[in-house]
Amino acid sequence: MKWHRLAKLLFEGAMLKRLERTGYAYLGTGKENIAAHSFGVALAAATLAKMVPEADELKLLKMAILHDFLEARTGDLNSVNKLYDQVNEEKAAQDAFSELPWAEEWQELLEEYREAKTLEARLVHDADQLDLMIMLKEQHDLGNPYARRWLIYAKRRLRTDIGRRLAEAITETDWASWWLDQFVAKDETK
């Protein structure tokens with residue numbers, strides 16, 4: 001194994017911490033880097049994997065972690081950008097994973113994700129939308145009037161029933177309730 005090649009791979013992944021997701025500029029509020037989004041997608045994918053036992057959990061998690069890895073090279077194209085710009089993801093994957101013994105596996109995972117024909121790929125696509133919905137629900141609850149329209153759009157892109165059920169719960173749950181409810185409940189008992 002070429003250790004310097006592995007170091008370069010990790011530096012490339014670290015670039016995702018510095019690259020901002022571009023859609024928030026159009027929403028008008030919010031901010032997130034690609035690495036933070038990838039963590040949210042991986043967490044949502046891990047959750048979905050536990051709810052769908054027939055899914056290959058390891059494959060699903062690898063796919064979730066890699067789903068936006070190439071954006072270190074291609075940048076994050078939002079829906080408006082995609083009307084005018086195109087990226088060569090195959091070339092980016094070849095360059096990003098060259099000389100790695102597992103290059104073919106990772107390229108195949110990304111191709112499977114793009115095609116979205118397998119259960120795991122559909123669940124990762126849903127995890128991607130669910131993470132976006134988490135951020136949009138926060139912006140909605142904080143008063144952004146456009147976030148609701150984006151939530152509806154993201155919900156339409158879900159591909160599985162389990163993803164739709166979780167999306168429904170997200171839209172019905174206050175973004176701060178995971179911590180705020182415990183304080184409100186304590187105050188009410190005084």
Completion exercise
Rounding to 0.5 Å, atoms CD (Gln107) and CZ (Phe97) come to a distance of 7.0 Å
Handout entry: From CA spacing to verdict: side-chain contact (heavy atoms from CB on, under 4.5 Å), Leu142, Trp175
Key = CA-CA 9 Å; Leu142 293 173; Trp175 82 280; 3.8 Å; yes
Fill in the blank from the handout: Value for CG (Leu180) from CZ (Phe183), rounded to nearest 0.5 Å, stands at 8.5 Å
Handout entry: Within one Ile-Leu-Val-Met-Phe-Trp-Tyr cluster: Tyr113 and Leu119, side-chain cutoff 4.5 Å
Key = yes
Handout entry: Tyr26 vs Trp150 side-chain heavy atoms within contact, under 4.5 Å
Key = yes
Exercise for the section: Could you tell me whether the side chain of Arg18 reaches within less than 4.5 Å of the side chain of Asn33, counting heavy atoms only? Expected result: no
Fill in the blank from the handout: Here the gap from Leu166 atom CG to Leu158 atom CG, rounded to the nearest 0.5 Å, amounts to 9.0 Å
Practice task
Using a cut-off of 6.0 Å, state whether more than 12 heavy atoms not belonging to Glu104 lie near its atom CD.
Solution key: no
Practice task
Report the C-alpha distance between Asp56 and Thr118 in whole Å, list the side-chain angles of each, state the deciding distance to 0.1 Å, and finish with yes or no for side-chain contact (heavy atoms from CB on, under 4.5 Å).
Solution key: CA-CA 10 Å; Asp56 180 336; Thr118 64; over 6 Å; no
Problem - Working for side-chain contact (heavy atoms from CB on, under 4.5 Å), residues Asn88 and Gln94 - result: CA-CA 10 Å; Asn88 185 340; Gln94 288 170 359; over 6 Å; no
Practice task
Would you mind checking if Arg114 and Glu111 are paired as a salt bridge, meaning a charged N to carboxylate O distance below 4.0 Å?
Solution key: yes
Practice task
Check step by step if side-chain contact (heavy atoms from CB on, under 4.5 Å) holds for Tyr24 and Met135.
Solution key: CA-CA 10 Å; Tyr24 290 101; Met135 297 301 290; 3.1 Å; yes
Handout entry: NZ/NE/NH1/NH2 to OD/OE distance under 4.0 Å, Arg21 and Glu71
Key = no
Handout entry: Flag, side chain of Asp126 to backbone of Arg159, donor-acceptor distance under 3.5 Å
Key = yes
Handout entry: Single-linkage hydrophobic cluster Ile134~Leu123, side-chain heavy atoms < 4.5 angstrom
Key = yes
Exercise for the section: With sequence neighbours excluded, tell me which residues meet salt bridge (Lys or Arg N to Asp or Glu O under 4.0 Å) with Arg164. Expected result: Asp161
Practice task
Please lay out, stage by stage, how His37 and Asp128 fare under the test side-chain hydrogen bond (donor to acceptor under 3.5 Å, both in side chains).
Solution key: CA-CA 8 Å; His37 168 64; Asp128 188 30; 2.7 Å; yes
Exercise for the section: May I ask you to test the Met15-Glu12 pair for a side-chain heavy-atom distance under 4.5 Å? Expected result: no
Problem - Spacing of CG belonging to Leu136 relative to CG belonging to Leu130, to within rounding of 0.5 Å - result: 11.5 Å
Exercise for the section: Consider only side-chain heavy atoms of I, L, V, M, F, W and Y, link residues closer than 4.5 Å, and tell whether Met51 and Leu60 are in one cluster. Expected result: yes
Problem - Main-chain N/O of Lys82 paired with Asp85 side-chain donor or acceptor, under 3.5 Å - result: no
Practice task
Would you mind reporting whether Pro145 and His140 have side-chain heavy atoms less than 4.5 Å apart?
Solution key: no
Practice task
Evaluate whether atom CZ of Arg157 has more than 12 neighbouring non-hydrogen atoms of other residues, nucleotides or ligands under 6.0 angstrom away.
Solution key: yes
Practice task
Identify, with sequence neighbours excluded, every residue that meets side-chain contact (heavy atoms from CB on, under 4.5 Å) alongside Ser38.
Solution key: Ile34, His67, Asp68
Practice task
Please answer whether the main-chain N or O of Ile170 pairs with a side-chain N or O of Thr173 as donor and acceptor at a distance below 3.5 Å.
Solution key: no
Handout entry: salt_bridge(Asp141, Lys137) N-O dist < 4.0 Å
Key = yes
Exercise for the section: For Arg122 and Lys117, indicate whether the former's side chain and the latter's backbone hold a donor-acceptor pair under 3.5 Å. Expected result: yes
Problem - Basic-acidic side-chain contact under 4.0 Å: Glu99, Lys2 - result: yes
Exercise for the section: Report whether Leu16 and Leu77 are members of the same hydrophobic cluster (ILVMFWY, side-chain heavy atoms less than 4.5 Å apart, transitive linking). Expected result: no
Problem - Heavy-atom donor-acceptor pair, Asp76 side chain to Thr22 backbone, under 3.5 Å - result: yes
Handout entry: Any Arg73 side-chain heavy atom under 4.5 Å of Lys91 side chain
Key = no
Exercise for the section: Check whether more than 12 heavy atoms from other residues, nucleotides or ligands sit under 6.0 Å from atom CD of Glu115, and answer yes or no. Expected result: yes
